[in-house]
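These notes concern the structure reproduced below.
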Amino acid sequence: TLSHGSNSLGAVTITPGAPTVSADLYNNSSNGSLTLSSPVTNLTLTQPNASLSLPDNKVTGSLTLNTQGGTSTTDTITLGAQTLSGSLDLRADSGIVPLAPASAWNVGTTANLSNTSGLALNNPITVGAGTTLAAGATTGDIVLSNALNSLRDVTVNTGRDVSLTSAYNAGATIILPQTGGGLRNVAITYPNASGVTLGSSGNGYWTNNPIELSGNLAVTSGGTIVANYGYWGGGQYTYNWINLTGGASTSTFTTGGDITLNHGSNSLGAVTITPGASTVSADLYNNSSNGSLTLSSPITNLALTQPNA
């Protein structure tokens, strides 16, 4: 444990005498680097003035790497394949990249990925619990594109254009920010999910918040598509709705189950529904002045309130 924020440790080499060894380091050195002669259990390394690279299979428990906060804003993190029983936390300013396209990140619990310039990850990522993502608001795109990803619940705090792909086969909740998050276009592709729930950040007692995008929304679900509705106890509820603020915004829903987006504050733009089965039903409320509805094939029941178009 050498975690004082004033440390300058230079190029670090650790030779663990047992796989149960853990390390917690803070290293200000501009020539900072880390060499592990064999795997450790947990690793926390903050290195704000130099890029970081960690080869395959060097940590087995929880891994935290942080290159943010230094005088340099060009530091990156390069991470090889890891199988972690615990969490993964990666924070950089100028790039988080896999060592190779096939470098699988298998995370037992939660994942947090934050990079100011954006996230473009094409390697397979499996996360056992929730994932939190952040990039520069209105400037940093977030793309997790591997079809083998298994992402469950995901929270996007900030970014610009967001594209999430996951093969997860149960229900998933995607939390998106309000205006301050800076999002423009969002594409959520969960073709095997039993349902996708869309929610807004900042939920709590009696907090009824919108998801706000300046562009377009596309959601693919193997099952239902709904907006978050939560009961907190004591008669207190949370409702979320979708607010697409662009004059030409569109919503595209590809689904194997029912769509229920009927909050009276929704602005969904021009809506297209591609049902995966004729038994799909849709219940929509759309305030957008450019509101319209396109159905690629028949559905069973349709309820649409569109008061401004």
Side-chain angles (χ1 to χ4, degrees), residues 1-100 103-117 119 121 123-136 140 144 151-155 157-158:
T1 303
L2 298 170
S3 56
H4 193 284
S6 298
N7 283 338
S8 292
L9 304 175
V12 176
T13 298
I14 297 176
T15 302
T20 55
V21 167
S22 293
D24 184 356
L25 307 175
Y26 196 108
N27 188 4
N28 280 299
S29 298
S30 59
N31 71 324
S33 64
L34 177 65
T35 300
L36 292 170
S37 65
S38 60
V40 298
T41 298
N42 302 309
L43 172 63
T44 297
L45 173 55
T46 301
Q47 187 173 287
N49 296 308
S51 294
L52 269 168
S53 182
L54 191 67
D56 295 349
N57 302 316
K58 291 299 185 182
V59 179
T60 60
S62 293
L63 173 61
T64 298
L65 301 176
N66 186 354
T67 63
Q68 293 179 341
T71 56
S72 170
T73 59
T74 60
D75 298 328
T76 63
I77 293 173
T78 301
L79 182 62
Q82 307 293 329
T83 297
L84 306 173
S85 61
S87 61
L88 175 66
D89 190 336
L90 304 178
R91 307 182 189 202
D93 285 319
S94 195
I96 296 172
V97 295
L99 187 63
S103 295
W105 299 346
N106 297 304
V107 183
T109 59
T110 60
N112 179 70
L113 306 175
S114 174
N115 183 67
T116 306
S117 64
L119 296 164
L121 297 170
N123 59 312
I125 302 171
T126 297
V127 182
T131 299
T132 302
L133 305 172
L144 277 63
L151 307 172
R152 303 185 182 200
D153 298 342
V154 176
T155 298
N157 287 328
T158 53

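Counting from 1, the numbers follow the sequence of the chain as shown.
Looking at every heavy atom in both residues, Ala100 comes nearest to Asn123 through O-CB, 4.2 Å. Nearest heavy atom pair, residue Gly140 against residue Ala135, reads O-CB, 3.5 Å. For the residue pair Gly95 and Ser117, the shortest heavy atom distance occurs at N-OG, 3.9 Å. Minimum interatomic distance between Pro48 and Gly69 (heavy atoms only, all atoms of both residues): CB-C, 4.0 Å. Closest non-hydrogen pair, Leu121 versus Pro98, comes out as CD2-CD, 3.9 Å. Taking each heavy atom of Asn115 and Ile96 in turn, the nearest pair found is CB-CD1, 3.9 Å.
Pro19 places none of its side-chain heavy atoms less than 4.5 Å from the side chain of Pro39. Under the 4.5 Å side-chain criterion, counting only non-hydrogen atoms from C-beta, Thr76 is in contact with Ser94. By the 4.5 Å heavy-atom criterion applied to side chains, Leu133 and Leu119 are counted as neighbours. Side-chain contact check for Leu65 versus Leu43: some heavy-atom pair is nearer than 4.5 Å. Looking only at side-chain heavy atoms (C-beta outward), Leu34 and Asn27 stay at 4.5 Å or farther from each other.
The side chain to side chain contact (heavy atoms under 4.5 Å, CB included) test with Leu54 is passed by exactly one of Thr78, Leu99, Thr35, Leu63: Leu63. Only one option out of Leu79, Thr64, Ile125, Asn112 pairs with Leu88 in a side chain to side chain contact (heavy atoms under 4.5 Å, CB included); it is Leu79. Each of Val127, Leu90, Thr132 was scored for a side chain to side chain contact (heavy atoms under 4.5 Å, CB included) with Leu113, with one residue passing: Leu90.
At distances below 3.5 Å, not a single donor-acceptor pair connects side-chain atoms of Thr126 with backbone N or O atoms of Asn106. The backbone N or O of Pro55 lies less than 3.5 Å from a partner atom in the side chain of Gln82, making a donor-acceptor pair. Remark: the backbone N or O of Thr60 is paired with a side-chain donor or acceptor of Ser85 at under 3.5 angstrom. For Asn49 (side chain) and Asn28 (main-chain N/O), a donor-acceptor pair under 3.5 Å exists by modelled atom type. A donor-acceptor distance shorter than 3.5 angstrom exists from the side chain of Ser72 to the backbone of Thr74, with no hydrogens or angles considered.
Under the salt bridge (charged side-chain N to carboxylate O under 4.0 Å, His left out) criterion, the residue pairs touching residues 70-95 are Asp89-Arg91, with sequence neighbours excluded.
To the nearest 0.5 angstrom, Leu52 atom CG is 5.0 Å from Leu45 atom CG. In this structure, CG in Leu84 is found 11.0 Å from OG1 in Thr41, a value given to the nearest 0.5 Å.
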Which donor-acceptor pairs under 3.5 Å do the side chains of residues 1-15 make with protein atoms, sequence neighbours left out?
from	atom 1	to	atom 2	distance (Å)
His4	ND1	Ser6	N	3.0
Asn7	ND2	Leu2	O	2.9
Asn7	ND2	His4	O	3.4

